[in-house]
> 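Got a structure for you, written out below as structure tokens; questions coming shortly.
Throughout, protein chains are lettered first and strands after them, A, B, ... in sequence-line order, and every chain is numbered starting at 1.
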Amino acid sequence: MERSEQELVRRDNLTKIRELGIEPFPAATFPITHLAKEINEKAEFGEDNMSTNYQEVTVAGRLMARRIMGKAAFASIQDSSGRVQIYVSRDDIAPGEDKALYNTLFKKLLDLGDFIGVTGHVFKTRTGETSIHVKEFTFLGKSLRPLPVVKTDDEGKVYDAFSDLELRYRQRYVDLIVNPKVKEVFLKRTKLVTAIRTFLDGMGMIEVETPILQAIHGGAAARPFATHHNTLDMPMYLRIANELYLKRLIVGGFDAVYEFSKNFRNEGMDRTHNPEFTAIEFYVAYKDYNWMMDTTENMLECIIKAVNGGDNAKVMADEHEINFTGPYRRLPMADAIKEFTGEDINGADEDELRAIAKRLHVALDKTMGRGKIIDEIFGDHVEAKLIQPTFITDYPVEMSPLTKKHRSKEGLVERFELFVNGKEIANSYSELNDPIDQRERFEEQVELANRGDDESMPMDEDFLRALEYGMPPTAGIGFGIDRLVMLVTGQKSIQEVLFFPQMKPEA
RNA sequence: GAUCCUUUAGCUCAGCUGGUUAGAGCAUCUCACUUUUAAUGAGAGGGUCCUGGGUUCGAAGCCCAGAGGGAUCACCA
């Protein structure tokens with residue numbers, strides 16, 4: 001492998017550090033006392049510009065900038081919290097005759113990106129920047145590749161930003177080091193997940209783990225990733241959803257379960273789809289989809305506030321300010337179509353629906369049934385217009401093989417999806433618990449599969465057996481975590497909210 | 001899978017209609033500098049111009065094929 005000039009210099013520096021008798025990759029614990037951020041935020045200063053509360057601090061991190069002025073230098077150390085400036089003077093770190101620690105190690109052999117630890121007192125410079133006056137300096141780890149050097153001026157303007165998307169995604173570690181805003185997005189993601197867990201735990205739900213490797217892929221309409229179990233000599237699938245397993249646990253007597261589920265779908269990739277993505281699903285016995293709408297409003301309001309901090313339940317998405325304070329509008333699908341297109345689909349048979357679709361310039365193909373046609377009309381004319389959180393309720397039965405039939409509306413099911421900023425972020429039903437009805441729905445799915453639909457659900461006899469033992473009336477819901485994070489962080493691409501998005505292999 | 005855009009130094013980018021030895025800033029190297037902060041001043045090095053063919057006296061730039069990335073679309077969450 002060809003190494004660049006800068007890499008060669010760094011390897012040469014590594015050797016020379018060893019020759020100085022310094023281990024460039026030391027093993028021992030380094031006792032950090034403070035983080036950069038707390039020093040910058042909490043340091044107090046006396047008349048002499050010396051810190052009164054930070055007389056001796058020890059910090060560690062990467063050297064990210066260095067400005068050498070002969071016998072003294074300023075540099076920046078970046079740790080997990082941010083950056084702090086350090087001031088290094090030759091005679092302070094090398095008080096004796098031997099000035100090698102400063103002249104050789106600090107000035108020559110140290111490269112940007114190296115890990116160092118420093119101990120010293122905090123003071124304020126002439127220009128007013130909080131800094132650490134270093135008296136002890138420890139080498140903690142060598143960086144053999146040059147990081148992109150991103151500079152920011154007084155006005156916060158960024159120069160030479162590390163912005164190549166391919167490099168940022170393939171080398172997320174570099175992205176995280178040099179682009180602090182990227183780190184903020186992922187910290188928000190963690191906050192969001194934690195807030196959801198806290199909310200659900202607070203409702204008394206049990207967090208569970210169900211199989212990712214499944215013999216029968218159920219619970220959603222999608223193409224699975226297929227693999228093979230050698231010992232059992234049988235095909236297996238990475239889960240496309242965990243729904244059927246969570247329902248088995250409701251059968252088993254848990255009243256309320258949830259799982260953060262990594263799901264895998266073998267389909268196209270774009271800025272809202274990654275082959276591997278995260279959902280949160282929860283199922284609660286003796287509840288219906290109306291209760292679930294109430295709960296969804298409470299949960300979203302609560303978690304958005306937690307992520308934003310304080311009492312703010314609003315996020316900016318594109319140009320829209322979205323308010324997650326409940327209650328949200330609840331709009332039956334047929335009413336939504338009427339509102340946005342003027343067409344009434346209530347009671348329309350397939351031929352009438354086709355005529356409506358034609359008037360609305362919705363492209364159809366011959367294989368589509370009633371449910372699919374309605375879904376197409378909705379997708380083309382309504383979905384993008386649902387900006388503030390809106391529950392669309394009461395879907396056609398054909399699209400929802402795991403959903404209980406509507407208690408009063410013929411041909412519909414008790415299902416809702418939550419739309420925000422023109423995109424679906426949650427899908428929920430009153431769960432179908434009639435095993436005889438469920439078997440018929442599976443049979444319809446199998447029929448679709450026989451006609452070539454590779455996204456239909458396979459028959460799951462064990463799941464039916466569980467339902468035959470009896471499942472209480474139950475409400476369930478699934479949220480797409482990645483899309484929720486995109487919404488909360490204002491990101492337009494799923495790749496910006498996944499640490500390691502799927503990429504094609506490097507050449 | 002389709003269409004369009006894109007790929008030049010470690011990073012961010014110029015590079016005209018095809019014409020000397022492919023440029024800049026940062027980074028790197030050498031020298032100077034004890035309160036700088038996009039540090040500064042002086043000098044230097046660094047290139048598979050994504051890959052492979054072709055056209056041409058001559059290709060980073062044109063043509064063909066391929067790869068990576070992005071956008072839009074289709075499928076989907």
Side-chain angles (χ1 to χ4, degrees), chain A residues 2-10 12-13 49 64-76 83 85-92 102 107-108 111-113 123-131 133 143-171 174-175 178-179 220-223 240-241 261 263-279 281 363 365 375 379 417-418 423-427 453-455 478-484 486 492-495 501 503-507:
Chain A
E2 200 84 354
R3 292 204 176 97
S4 70
E5 181 192 22
Q6 294 193 51
E7 287 177 284
L8 294 173
V9 167
R10 282 165 185 252
D12 190 42
N13 288 345
N49 280 335
M64 294 301 283
R66 189 172 38 169
R67 300 177 286 279
I68 293 171
M69 299 159 303
K71 299 179 187 64
F74 286 94
S76 293
R83 291 189 187 188
Q85 179 167 271
I86 62 171
Y87 174 73
V88 180
S89 96
R90 185 191 69 183
D91 297 335
D92 287 329
Y102 181 80
K107 274 173 70 175
K108 306 269 188 207
D111 291 301
L112 295 183
F123 73 110
K124 189 182 274 191
T125 64
R126 273 209 296 250
T127 51
E129 178 150 350
T130 301
S131 307
H133 190 134
S143 167
L144 292 179
R145 282 177 189 261
L147 288 165
V149 179
V150 181
K151 297 194 175 185
T152 309
D153 69 14
D154 289 342
E155 281 109 51
K157 193 172 173 209
V158 175
Y159 297 82
D160 299 329
F162 179 60
S163 56
D164 184 279
L165 293 177
E166 183 174 1
L167 288 177
R168 287 186 47 232
Y169 299 153
R170 285 195 197 281
Q171 303 186 34
V174 174
D175 193 26
V178 303
N179 291 328
R223 293 211 304 273
I240 57 175
S261 177
N263 296 334
F264 305 83
R265 297 188 185 176
N266 205 342
E267 284 161 352
M269 292 159 58
D270 61 30
R271 71 183 207 288
T272 56
H273 297 86
N274 192 69
E276 172 180 342
F277 67 101
T278 306
E281 297 215 6
D365 67 53
D375 193 52
E417 292 188 326
L418 176 63
K423 294 177 188 76
E424 184 211 331
I425 62 166
N427 182 17
D453 183 345
D454 54 3
E455 289 178 349
F479 292 83
I481 293 287
D482 311 288
R483 291 181 181 183
L484 208 49
M486 286 167 67
K492 289 182 175 37
S493 164
I494 197 171
Q495 296 170 108
M503 302 286 278
K504 290 192 192 177
E506 288 180 71

> Does a distance-only test, which skips hydrogens and angles, find a donor-acceptor pair under 3.5 Å between the side chain of A:Glu129 and the base of B:U35?
no
> Which is true for A:Gly480 with a 4.0 Å heavy-atom rule: it touches a base, it touches only sugar-phosphate, or it touches nothing?
nothing
> Please tell me which of the listed nucleotides, B:A38, B:G68, B:U35, lies nearest to the side chain of A:Glu166?
B:G68
> Roughly how far apart, to the nearest Å, are B:C64 and B:G43 at atom C1'?
47 Å
> In whole Å, what separates the P atom of B:G25 from that of B:A14?
16 Å
> Between B:C49 and B:A59, how far apart are the two P atoms, rounded to whole Å?
13 Å
> How should the glycosidic conformation of B:G61 be described, syn or anti, under the criterion that syn lies within 90° of 0?
syn
> What is the distance, to the nearest angstrom, from the CD atom on A:Glu7 to the C1' atom on B:G46?
13 Å
> What orientation do A:Phe74 and A:Tyr87 show, parallel under 30°, tilted 30 to 60°, or perpendicular over 60°?
tilted
> Kindly say if A:Lys151 contacts the phosphate of B:A39, meaning a side-chain N or O under 4.0 Å from OP1 or OP2.
yes
> B:G68 P sits how many Å from A:Leu167 CG, rounded?
15 Å
> With both distances under 3.5 angstrom, what nucleotide forms a Watson-Crick or G-U wobble pair with B:U34?
none
> On the side chain of A:Asp270, is there an atom forming a donor-acceptor pair with the base of B:C75 - under 3.5 Å, no angle test?
yes
> Could you tell me whether the side chain of A:Glu424 has a donor or acceptor atom within less than 3.5 Å of a complementary atom in the base of B:A77?
no
> Grab the CZ-P distance between A:Arg67 and B:A39 for me, whole Å please.
5 Å
> Quote, to the nearest angstrom, the P distance that separates B:U20 from B:U35.
48 Å
> Between B:A77, B:G70, B:C29, spot the one nearest the side chain of A:Gln495, thanks.
B:G70
> Compare the ring of A:Phe74 with the six-membered ring in the base of B:A39 and state whether they stack (centres under 5.5 Å, planes under 30°).
no
> Answer with base, sugar-phosphate or nothing: what part of the nucleic acid does A:Arg271 contact at a heavy-atom distance below 4.0 Å?
sugar-phosphate
> So, under a plain 3.5 Å distance rule, would you say the side chain of A:Thr125 forms a donor-acceptor pair with the base of B:U36?
yes
> Mind checking A:Lys107 for me? I need base, sugar-phosphate or nothing, with any heavy atom below 4.0 Å counting as a touch.
nothing
> Within the modelled atom types, does a donor on one side and an acceptor on the other bring the side chain of A:Tyr87 and the base of B:U34 under 3.5 Å apart?
yes
> With no angle test and no hydrogens, is the base of B:G45 tied to the side chain of A:Glu5 by a donor-acceptor pair under 3.5 Å?
yes
> For B:G66, give its Watson-Crick or G-U wobble partner with both distances under 3.5 Å, or none.
B:C50
> So which nucleotide from B:U28, B:C11, B:G70 ends up closest to the side chain of A:Arg66?
B:U28
